[in-house]
Amino acid sequence: MNNKRDTILAQSTPVGYGGIGIIRISGNKVKNIYNIMFKKKIKDRYAIYSPIKNKNNIIIDYGIIIYFKSPNSFTGEDILEIHSHGGQKIIELIINSIIDLNIKNLRIANAGEFTERAFINKKIDLIQAESIKEIIYANSKSKIFSAISSFKGKLSNKIKNIINIIKNNLINIEKEINFSNKNIKKKKIKKIKNNILNIYKKIKKLYKNIKKNINIKNNIKIIIIGKPNVGKSSLMNILTSKNISIVTNIKGTTRDIIKKNIIIENKDIKIIDTAGIHKTKNKIEKIGIKKTWKEIKKSNIILFIVNSNKISKKNIINFYKKKILKKIKKKNKINILIRNKIDLTKEKFNIIKYKKYIIINISIKKKIGIKELINIIKKKIKNKNIKNNFLTNKRHINLIKLTIYNIKKNIKLINQYNFNKNINLDLIYQNLFDSQKYLCEILGKNIILSKNIIKQIFSNFCIGK
């Protein structure tokens, strides 16, 4: 970690030209800088319009100065914000003028160092620190709302609650180890078991919630599949409003996966055009088809296209179940079955809803039913609940998995009690202690274990945050 005694400064607004530029300074030398540059009475959380001067008392700009007294600031230290005009040269001139003051232990901040100090000074936990980065880089409303939920402490509070329950159980087990006889009463063993099962139930619920909502962080995936030459690439071009897929009458034109990110209903959507699923001896086509099956398993919405003159409305569901669902063995998909080229079969446009399937007759070439298909897709995406979700990453998931593993070891130990009266409370205690340690790791409470993780997290922030 960086030296906490240093006073740090950085430009907090993006590099370039804008209406205003913000320079942030944090540390115990903030008052020294303020007194030299502004020579006005300092007030906590009070905006002052003032000339900005260098060490030679020359005015270099006019702006707003705000002082935040520790510990009631973002970093938990004294913070000074200088809001100047937004010209890049002006901002650089002010920063250089502050450096020229030659104040001891004053330096330019490293990437993410302000947020790192907020974490070190216990203003935020590690989950909240990660959510700040997610807020900054969010490119949709769903990601913003989800990141805000994490920053407010939704996930942190759930984990803290489980940690507290584990702590109480550790205290009770430690009492049994220290003060009980060797043969512990069955009642007490039963109580320990029930408590551990309760912890297991809570952590499993949390894990399921995380897995359920993980797609908030990742894009919702829509995949277009079907045999060759049924209109997959044409539909891809319509949905993305760009000619990114090559369209020909030649079988097997699309041999690889084509992906495009778009925004629908304020959500990040990844649309995937795929190689036509069919039997082939061509090695390149085989690779493309193999990739298609992998993408199908990872997708949320499947657009399955067939030629209307090949498969009837009655047979399409059975055909889809047999050829697609049976192979991927996934039940939680949104299935939209599309019968294309009704301009050739002289059929009318219509939509049939049957259980979890939607069958729609369209003509991509004649643009018949396209608007209706897009509205169906929008409705399905809109109905995906984004409220009360929180962002997670692989680090959280891996640590929760380790927690579950240790809790399950304890359940196994207690279940074996009927066969072995000498239950090993020391081992149960250790497994619970390890579970607590992994959950604390998510919050960043175990500094020694989290050092490398902390370094990695904050180095990915922008300078000035």
Compute whether any side-chain donor of one residue and acceptor of the other, for Gln430 and Asp426, lie under 3.5 angstrom apart.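 Side-chain D/A pair, Gln430 to Asp426: absent.
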Can you name the nearest heavy-atom pair linking [X] to [Y], along with the distance?
X	Y	value
Ile360	Gly369	CD1-O, 4.0 Å
Phe119	Asp125	CD1-C, 3.8 Å
Ala10	Phe114	CB-CE1, 3.9 Å
Gly226	Lys232	N-CD, 3.4 Å
Ser156	Ile127	OG-CB, 3.7 Å
Ile25	Leu9	CG1-CB, 3.8 Å

For the residue pair [X] and [Y], establish whether any side-chain heavy-atom pair is separated by less than 4.5 Å.
X	Y	value
His396	Ile159	no
Ile224	Leu239	yes
Ile364	Ile338	no
Ile82	Ile98	yes
Thr115	Phe74	yes
Ile377	Ile334	no
Asn340	Val230	no
Ile162	Thr403	no

How far apart are the C-alpha atoms of Leu402 and Glu441, what are their side-chain angles, what is the distance that settles it, and do they pass the side chain to side chain contact (heavy atoms under 4.5 Å, CB included) test? CA-CA 11 Å; Leu402 286 169; Glu441 179 80 1; over 6 Å; no
Enclosure of [X] [atom1] (heavy-atom neighbours >12, cutoff 6.0 Å):
X	atom1	value
Lys227	NZ	no
Lys123	NZ	yes
Phe433	CZ	no
Lys160	NZ	yes

Verdict with reasoning, Ile192 to Asn410, per side chain to side chain contact (heavy atoms under 4.5 Å, CB included): CA-CA 10 Å; Ile192 291 168; Asn410 273 351; over 6 Å; no
Under the 3.5 angstrom rule, does the side chain of [X] hit a backbone N or O of [Y] as a donor-acceptor pair?
X	Y	answer
Asn198	Asn194	no
Asn335	Lys333	yes
Ser73	Asp78	no
Asn169	Ile165	yes
Asn375	Lys371	yes
Asn105	Arg5	no
Asn300	Ile220	no
Asn406	Asp434	no
Ser26	Ile8	no
Arg339	Ile311	yes

Between atom [atom1] of [X] and atom [atom2] of [Y], what is the distance when rounded to the nearest 0.5 Å?
X	Y	atom1	atom2	value
Ile238	Ile362	CD1	CD1	7.5 Å
Leu126	Ile442	CG	CD1	10.0 Å
Tyr67	Lys31	OH	NZ	4.0 Å
Lys323	Ile277	NZ	CD1	10.5 Å
Ile397	Tyr207	CD1	OH	6.5 Å
Leu432	Ile166	CG	CD1	6.0 Å

Stepwise side chain to side chain contact (heavy atoms under 4.5 Å, CB included) test for Ile163 and Cys440: CA-CA 8 Å; Ile163 288 171; Cys440 286; 3.9 Å; yes
Tell me whether Arg107 is salt-bridged to Glu113, with the criterion being a basic N under 4.0 Å from an acidic carboxylate O.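 Glu113 and Arg107: salt-bridged.
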Using 30° and 60° as the class limits, which term best fits the ring planes of Tyr357 and Tyr320: parallel, tilted or perpendicular?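 Perpendicular: the ring planes of Tyr357 and Tyr320 meet at over 60°.
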Given side chain to side chain contact (heavy atoms under 4.5 Å, CB included), test Leu197 with Ile414 step by step and report yes or no. CA-CA 10 Å; Leu197 285 171; Ile414 292 173; over 6 Å; no
Sequence neighbours left out, what passes side chain to side chain contact (heavy atoms under 4.5 Å, CB included) with Ser299? Give chain and number order.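 Residues passing side chain to side chain contact (heavy atoms under 4.5 Å, CB included) with Ser299: Lys221, Ile223, Ile272.
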